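Each remark here refers to the structure printed beneath this line.
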Amino acid sequence: MSKEETIQQELIKNFGFLEGKFRIPRERRIFLDVPADRFMDVFDYTVKKMNFNYLCIISGLDEGENLSFIYHLALNYSIILNIKISVPKSNPSIKTITGYFPSADLYERELEDLLGAKVEGLAKGRRYPLPDDWPIGQYPLRKDWKPQDEPEVKQEKSN
Amino acid sequence: MIKPGKMFAEVMNNVFRKPATELYPFVKTEKPDKFRGKLEFYSEKCIGCKLCMKDCPSNAITINKIGEKKFEAIIDLDKCVYCAQCVDTCPKKALAATKEFELAQLVHSKLRVTLNANIEVKKTTEGQA
Amino acid sequence: MGKVMIPIGPQHPALKEPASFNITLDGEKILDMIVKVGYNHRGIEKACEQRTYIQDIYLLERVCGICSHTHSTCFLQAVEEIAALELPKRAHYLRTIVAELERVHSHLLWLGVAGHEVGFDTLLMYSWRDREIVMDILSMLTGNRVNYAMNTVGGVRRDISPDQIKTILPLVDILEERTKYYIQVASEEVTLIERLSKVGTLSHDDALKLGAAGPTARASGRDIDVRRDDPYAAYADLSFKVITDNHNDVLGRTLVRVGELMESYKMIRQLLKNIPEGPIAVKAPRKIQAGEALSRYEAPRGEDVHYVKANGTDRPERVKVRAPTLANVQAVAAMLKNGYLADIPIVVAAIDPCFSCTDRMMVSMKDANSRKENFIDWKTLRQYSIDWYKQNRGVDMSKIKISKRW
Amino acid sequence: MIYTLFSILVFPGLLFLSIFGVIAEFIDRRLYARFQNRMGPPWFQPVADFIKLLAKEELIPEEADARMFKILPVFAVAAAVTAFLYIPLWNTASLFSFEGDIIVVLYLLTLPTLTFFLAGWYSTSLYAMIGAVRTLTQLFAYEVPLFMGILSPAILADSWSLEAITRFYGEHPWYALFNILGFAVSVIAIQGKLERIPFDIPEAETEVVGGAFTEYSGKFLALFRMAIDIEMVVCAALLAAVFLPFGLELHPVISFVIFIVKLLVIIFIMSLMRSIFARLRIDQMVNFCWKYLAPAALLQILISFILKGILVR
């Protein structure tokens with residue numbers, strides 16, 4: 001029973017609905033899909049009880065009609081648990097985790113700017129990474145957003 | 001233990017040693033042998049498969065057909081990032097990287113270089129790998 | 001002088017790259033600061049989705065000028081994990097050799113920059129002179145001093161010949177000699193120690209709470225290192241020590257980085273001595289099967305994380321890059337609490353920030369709410385900025401008349 | 001009259017000083033480079049910088065007081081040059097001398113630092129203001145040890161005129177050895193006055209960009225640079241006159257050469273100090289000056305008093 005399976009068993013023991021949602025492609029990596037409404041208590045359990053004390057990053061994905069977010073958590077810096085939640089694009093609201101990890105503030109602002117997620121409980125603050133005068137409603141990392149290619153540097157009339 | 005002016009000895013015996021810096025434009029440093037500079041094109045080997053155009057990260061190279069089994073390569077020296085991926089991808093080894101790196105131009109249009117067909121094979125190109 | 005709010009950056013001689021810190025000062029003491037990043041964002045993640053895997057290698061190599069091998073290796077480990085490619089042992093060894101050489105060149109560069117930030121330019125000149133030895137080794141191995149283009153999907157592009165190994169080993173001894181001298185300088189030169197110790201303190205649990213990574217965290221006593229905890233490439237069969245220090249300040253970070261240099265030399269010798277024979281790359285398919293992977297890499301500045309999602313075509317569906325500086329930049333505000341104005345450059349330099357890694361979106365002047373792009377002349381641009389500052393920052397800049405000619 | 005005008009404006013005066021200032025800056029930069037194992041700039045670099053700055057356009061911020069903004073660089077150069085006239089160079093006689101001229105020289109050397117402060121204050125920009133305030137705090141730190149260090153030989157020579165001091169030490173040069181501590185304190189304090197590395201806090205380019213000179217450009221900045229060069233030569237000459245008074249009575253040409261060698265030795269020491277230390281913070285600098293420099297200067301004065309009692313009577 002490798003370490004990854006023990007973690008899997010412990011999570012299934014506490015949260016029955018997680019049965020079968022696990023995927024362990026290689027050692028020290030666990031992928032887990034969690035329904036969005038039960039996410040906070042699974043997250044709270046893993047961080048508080050199972051001592052996943054390091055948040056690598058939150059990756060945002062645009063999957064057609066819903067946005068999904070993957071929280072990469074590390075157990076004493078070696079085993080990575082990737083919790084994935086999906087939220088419909090119509091109301092893409094997720095709860096902030098700056099309570100557990102203050103550094104998640106920048107990661108969540110990035111999700112808000114680039115993917116158009118609505119993070120509840122995130123403190124009002126400067127936009128990251130887009131400039132202040134970036135048009136509202138344009139979310140560059142969405143699949144339907146096409147960058148307007150810059151005009152080719154016009155060849156000056158060579159003398 | 002604490003010693004003020006720790007680098008005193010090092011600094012003193014460096015005063016009379018030859019300085020480590022060189023005056024670049026007058027003193028040329030020799031390039032390592034695997035250096036990836038301006039590209040060289042052997043048109044007789046080229047079969048026009050355009051694989052290099054697909055793999056170029058900054059689409060700096062375009063291959064044109066200018067006759068029966070004759071091709072020319074047009075390279076934007078300012079777009080090219082000199083990664084020599086095209087040299088590796090080319091199935092027929094028709095491209096090679098030279099050691100030339102001083103390619104600055106005053107006029108922008110001079111940066112589009114056409115390596116046309118009639119370059120005869122000067123030196124044998126030992127493989128890049 | 002009472003309370004003063006002074007902006008440092010985005011363009012400032014102390015900062016190598018654009019980041020802005022608005023600091024409220026009481027005389028020389030810092031009361032509060034706001035860190036703003038995002039000026040160097042070039043949209044690399046969006047660009048990755050429109051290029052093939054081979055083109056992405058060279059794009060991701062240019063995320064950062066100093067740690068280019070970091071990003072290309074981290075990205076390729078994820079891609080090779082999805083494609084279930086089994087790399088030859090020699091390819092792993094070659095990647096680790098270039099990785100450790102890059103760490104040596106990055107730490108020596110940082111040592112010089114730290115010296116320059118505290119006005120000790122002699123240390124800058126000497127450490128950058130010795131760094132030339134590493135740059136020569138790298139350009140001998142890979143053909144280039146910085147952007148090595150060493151990796152390709154499924155392995156490495158250039159091999160190392162036995163006589164190259166023979167030339168590298170004595171050079172590594174010279175480097176080790178010079179680094180021992182710098183350890184003495186960092187622990188004995190009075191004015192340097194005076195400027196580095198008890199500056200930018202970050203306690204152990206602050207480092208844990210703020211998620212600091214790399215030398216910044218190790219200098220606050222956190223014993224974390226991806227090379228040992230989550231080994232990749234050839235690190236599994238290397239024996240090395242993870243240097244930690246509990247000074248919790250910039251002096252600790254200096255000693256950790258210099259200590260890591262010594263470890264890197266040991267590792268490079270081990271790698272060069274028992275590098276196995278065999279091919280250096282394996283034939284990789286152009287289209288990678290669907291799947292997702294997360295790969296981690298111990299960059300000179302900290303832990304670099306790449307998340308790649310593939311969808312069976314020859315272009316990745318999503319590439320997420322988390323550079324080490326993004327984790328450390330949160331800690332800067334905590335470090336600078338009740339520090340001095342003179343400490344800002346050295347504390348900011350101490351996390352060895354690489355903002356070009358941290359930001360990846362392209363910025364262009366566009367009309368608000370309309371995608372029409374207009375090129376405006378200098379006068380309206382100036383008027384636009386004056387109104388913008390008046391409206392957003394409440395500062396009337398129109399009084400600054402540059403000179404009569406405009 | 002013509003001779004004094006000539007000596008003020010040309011020989012030991014403005015022209016000689018500015019040329020020697022440029023040479024001194026070149027020597028300093030080339031030595032500093034060689035200490036760092038670098039090639040260093042060519043001989044005409046300081047002159048080229050000066051001419052380039054003269055050609056550049058000067059921008060005066062609107063809120064700054066334009067008149068003061070323009071006058072301050074001239075004050076700085078004037079103060080530095082007039083100080084030079086009272087210092088005996090290669091013979092024991094200086095141009096003008098009266099009882100108490102060592103005090104006048106020291107105050108004339110403080111004037112440029114005050115003009116740096118006013119320059120920063122009048123240019124009303126944030127960085128310049130911070131740089132100006134730092135110049136003042138630094139002034140209070142190094143001024144007292146510098147004065148005590150330079151005045152201690154005067155106590156032994158029992159007179160306040162530079163000429164009398166050099167004549168006294170010319171007669172019995174061995175007494176100069178007792179002032180070694182005073183010489184060390186003065187060299188360190190001079191680094192503060194000239195704002196060089198361990199104490200170049202006011203214009204630390206990595207923190208406060210240009211310090212007091214942030215808003216200056218064009219010929220005003222050129223004048224300020226010239227003032228700093230001249231001040232370096234004047235301070236080196238003062239230290240040479242007070243602490244190394246040998247080789248003054250010989251043939252004028254030989255003593256002129258010895259005077260130049262003395263200046264070069266002092267410039268060598270200063271650029272050596274510049275290359276082996278890191279820049280201190282302003283609070284560390286003040287602590288260092290009051291904890292170590294001032295007591296050392298007091299000790300030197302004590303030695304002078306005791307020696308005066310034993311030797312002179």
Side-chain angles (χ1 to χ4, degrees), chain C residues 1-2 4-9 11-16 23 25 27-29 112-130 132 185-186 189-199 339-346 348-349 398-405, chain D residues 32-40 57-64 121 124-134 136-137 195-210 214-215 217-218 271-288 292:
Chain C
M1 237 165 43
V4 159
M5 200 284 283
I6 81 164
I8 292 213
Q11 273 69 33
H12 188 271
L15 304 174
K16 305 194 287 299
I23 295 133
L25 276 177
E28 290 278 335
K29 297 267 293 166
V113 166
H116 174 63
E117 299 298 354
V118 281
F120 197 17
D121 284 345
T122 316
L123 185 62
L124 167 75
M125 297 301 170
Y126 278 106
S127 63
W128 281 32
R129 177 198 65 183
D130 298 331
E132 283 309 309
V185 167
E189 167 50 39
V190 176
T191 48
L192 193 63
I193 293 173
E194 196 70 34
R195 276 305 297 276
L196 295 183
S197 61
K198 284 186 280 311
V199 162
Y340 284 91
L341 171 65
D343 293 335
I344 293 171
I346 182 62
V348 168
S398 55
K399 287 234 289 303
I400 296 184
K401 196 153 50 47
I402 300 299
S403 86
K404 326 293 175 292
R405 231 179 298 134
Chain D
Y32 185 54
R34 279 294 152 77
F35 283 142
Q36 295 174 347
N37 208 346
R38 282 189 290 124
M39 188 80 74
E57 177 206 11
E58 315 82 44
L59 302 177
I60 302 173
E62 202 201 19
E63 282 145 10
W121 196 263
T124 65
S125 107
L126 212 54
Y127 287 115
M129 200 94 71
I130 291 180
V133 167
R134 282 181 168 188
L136 264 195
T137 22
E195 286 174 9
R196 293 164 64 86
I197 275 290
F199 307 121
D200 82 337
I201 301 144
E203 13 113 7
E205 76 276 0
T206 49
E207 293 140 27
V208 198
V209 194
T214 322
E215 296 302 328
S217 58
S271 67
L272 178 68
M273 279 185 69
R274 179 175 167 204
S275 68
I276 53 176
F277 288 121
R279 174 187 310 124
L280 290 177
R281 263 201 321 254
I282 190 77
D283 55 312
Q284 288 164 347
M285 188 250 181
V286 174
N287 295 350
F288 173 75
Y292 299 106

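Chain A is the first sequence line, chain B the second, and so forth, proteins listed ahead of strands; every chain is numbered from 1. Please read all numbers here as calculations on a predicted model, not as lab measurements.
Under the side chain to side chain donor-acceptor pair (under 3.5 Å) criterion, D/S271 pairs with no residue at all, not counting sequence neighbours.
For D/R281, the parts sitting under 4.5 Å from any heavy atom of chain C are the backbone and the side chain alike. No part of D/F288 comes within reach of chain C, as not one of its non-hydrogen atoms sits under 4.5 angstrom from that chain. Residue D/D283 touches chain C through its side chain alone, counting heavy-atom pairs closer than 4.5 Å. Proximity to chain D (any heavy atom under 4.5 Å) is restricted, for C/E189, to the side chain, taken from C-beta onward. When heavy atoms are compared at a cutoff of 4.5 Å, D/I282 approaches chain C solely by way of its side chain, counted from C-beta outward. Contact annotation for D/L280: both backbone and side-chain heavy atoms come within less than 4.5 Å of a heavy atom of chain C.
Proximity of a side-chain donor or acceptor of D/S275 to a complementary backbone N or O of C/T122 within less than 3.5 Å is not detected.
Note: C/T191 OG1 to D/M285 CE = 13.5 Å, rounded to the nearest 0.5 Å. Distance check, rounded to the nearest 0.5 Å: CZ of D/R279 to CG of C/L192 gives 12.5 Å.
Listed here is the closest heavy atom pair of D/I197 and C/G119: CD1-O, 3.6 Å. Closest non-hydrogen pair, D/Y32 versus C/D121, comes out as OH-CB, 3.4 Å. Between C/Y126 and D/F35 the shortest heavy-atom distance is OH-O, 2.6 Å. When all heavy atoms of C/E194 and D/Q284 are compared, the pair lying nearest together is O-NE2, 3.0 Å.
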